Amino acid sequence: MRPLDGTALDGPALNLAELAADARGRLDPVHWDFFTGGAGEERTVRANEAAFARRYLVPRVLRGAVRRDLRISLLGTRISMPVLIAPTAFHRLAHPEGELATARAAAEAGTIMVVSMAATRPVEQIAAAGGPLWFQLYPQADLDFTASVVRRAEAAGCSALVVTVDSPVFGRRERDLRHGFADLPPGMVCENMRDASGRVRDIGMDAGLDWARITWLREVTRLPILLKGVLHPADAALAVSYGLDGLLVSNHGGRQLDGALATLDALPAVVEAVGGRLPVLLDGGVRRGTDVLVALALGASAVLVGRPVLWGLAVGGAAGVRHVLDLLHADLDRALALAGVTGPADLRGDLVATVACG
Ligand SMILES: Cc1cc2nc3c(=O)[nH]c(=O)nc-3n(C[C@H](O)[C@H](O)[C@H](O)COP(=O)(O)O)c2cc1C
Ligand SMILES: CC(C)CC(=O)C(=O)O
């Protein structure tokens with residue numbers, strides 16, 4: 001995206017960069033920095049978007065792509081487009097309704113919301129919106145508590161578990177350190193971290209997390225399990241052998257290991273290692289319909305968006321998130337038509353060329 005100047009807009013945002021500028025003007029600067037920032041020098045934050053800027057399209061012509069169909073099925077759920085909502089923490093910092101508004105927008109748009117373990121609304125209330133939900137889990141060192149959170153997600157109707165594996169420790173986010181931002185304001189908590197006694201636990205990052213814990217989780221639930229935060233093809237191959245149901249190529253939006261490879265650059269090797277045995281999803285830097293097209297052409301089954309959803313939420317609550325999803329849907333549809341493609345299943349790597357610099 002172009003640098004943002006924060007200029008006020010006269011009408012609804014035409015793209016996600018404009019929406020970001022609008023959100024910036026409305027958010028507390030500390031919260032804007034929490035949402036927008038990343039770890040260290042934020043090299044990986046920038047790299048995610050830059051990787052898309054290095055890809056160019058080689059469209060086909062005269063293909064008569066009149067009827068385009070953006071719908072896909074993922075792990076048994078039919079959704080309106082190959083774009084999902086990534087799990088992000090603390091939606092009430094962006095809008096008083098928080099995750100309830102996000103969930104309504106996702107349900108209306110017909111796509112999956114991945115509920116963060118760090119949501120500021122309980123998963124049961126988020127599920128009341130009626131749309132398809134997956135639940136993101138940071139496995140906690142306390143196994144009984146971890147199992148109880150999984151049970152809660154199951155009972156609320158979540159249809160898959162997204163296990164974040166890129167966070168054995170917390171990334172060092174210098175914007176937050178500078179502001180002294182470490183905690184939610186009074187009156188907001190991570191509602192999915194309540195234990196049986198009603199006490200809200202802190203989310204712990206567990207440096208001891210290993211494949212044995214994945215095997216344990218596999219026994220705790222019958223829900224499909226996706227691993228979130230895989231970049232290395234060897235880990236992708238291991239995920240297949242451990243019986244996982246899906247992979248999310250992610251570097252946590254550049255918020256964990258700064259200097260980690262851009263997700264789009266990591267995608268082809270992961271796709272090759274998986275060899276079609278699991279769906280491979282991608283997040284990080286997806287801001288345009290053409291980005292979705294490129295990721296799918298390079299082998300992703302779908303993509304997720306993180307920060308743009310928070311910008312939409314800050315600007316207009318559920319309507320703002322809906323605007324984000326509608327922009328991406330319309331933009332992807334137009335990009336498919338212009339590339340001579342009728343839908344996600346038609347996308348192949350030959351539509352994408354990589355150049356050395358943007
Ligand atoms: C403010 C914020 C909070 C996040 N919280 C979580 C979280 O609770 N769990 C998680 O697995 N990932 C979390 N992520 C990472 C996102 O799921 C996703 O990987 C990333 O935002 C994708 O990149 P994008 O923001 O460029 O679309 C968070 C990201 C942001 C920006
Ligand atoms: C509360 C945090 C653990 C949420 C997170 O994953 C993030 O901020 O990137």
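Note that this is a predicted model, so its numbers are computed, not measured. As the structure lists them, so they are numbered: ligands from 1, and atoms in each ligand from 1.
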Show the short N or O contacts, below 3.5 Å, that ligand 2 makes with protein N or O atoms; if there are none, say 'none'.
unit_1	atom_1	unit_2	atom_2	d
ligand 2	6 (O)	Tyr138	OH	2.3
ligand 2	6 (O)	His252	NE2	2.8
ligand 2	8 (O)	Arg173	NH1	2.7
ligand 2	8 (O)	Arg255	NH2	2.9
ligand 2	9 (O)	Arg173	NH1	3.3
ligand 2	9 (O)	Arg173	NH2	3.0
ligand 2	9 (O)	His252	NE2	3.0
ligand 2	9 (O)	Arg255	NE	2.8

List, pair by pair, the atoms of ligand 1 and of the protein that are both N or O and lie under 3.5 Å apart, giving the separation rounded to 0.1 Å.
unit_1	atom_1	unit_2	atom_2	d
ligand 1	5 (N)	Ala89	N	3.1
ligand 1	8 (O)	Ser116	OG	2.7
ligand 1	9 (N)	Gln136	OE1	3.1
ligand 1	9 (N)	Tyr138	OH	3.2
ligand 1	11 (O)	Gln136	NE2	3.4
ligand 1	11 (O)	Thr164	OG1	2.7
ligand 1	11 (O)	Lys228	NZ	3.1
ligand 1	12 (N)	Pro87	O	3.4
ligand 1	12 (N)	Lys228	NZ	2.9
ligand 1	12 (N)	His252	NE2	3.3
ligand 1	14 (N)	Pro87	O	3.3
ligand 1	17 (O)	Pro87	O	2.7
ligand 1	17 (O)	Lys228	NZ	3.0
ligand 1	19 (O)	Lys228	NZ	3.1
ligand 1	19 (O)	Ser250	OG	3.3
ligand 1	19 (O)	Asp283	OD1	3.2
ligand 1	19 (O)	Asp283	OD2	2.7
ligand 1	25 (O)	Arg307	N	3.0
ligand 1	25 (O)	Arg307	NH1	3.0
ligand 1	26 (O)	Gly285	N	2.9
ligand 1	26 (O)	Arg287	NH1	3.4
ligand 1	26 (O)	Arg287	NH2	2.7
ligand 1	26 (O)	Arg307	NH1	3.4
ligand 1	27 (O)	Arg287	NH1	3.2
ligand 1	27 (O)	Gly306	N	2.9

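Taking 4.0 Å as the cut-off between side-chain N and carboxylate O, Asp265 and Arg55 count as a salt-bridged pair. Ionic pairing of Asp69 and Arg71 is present here: one or more N-O contacts between side-chain nitrogen and carboxylate oxygen are shorter than 4.0 angstrom. Taking a cutoff of 4.0 Å between a charged side-chain nitrogen and a carboxylate oxygen, Arg178 and Asp33 do not qualify as a salt bridge.
Counting heavy atoms from C-beta on, the side chains of Leu74 and Pro82 never come closer than 4.5 Å. In this structure, Tyr242 and Thr215 have side chains that are in contact, with non-hydrogen atoms separated by less than 4.5 Å.
What you find for Ala127 and Leu133 is that their closest heavy atoms are CA-CD1, 3.6 Å. Minimum heavy-atom separation, Leu332 to Leu293: CD1-N, 4.0 Å.
Between His31 and Phe181, the two ring planes are perpendicular [angle over 60°; tilted spans 30° to 60°].
Panel note: side chain Asp258, backbone Thr44; a donor-acceptor pair is recorded below 3.5 Å.
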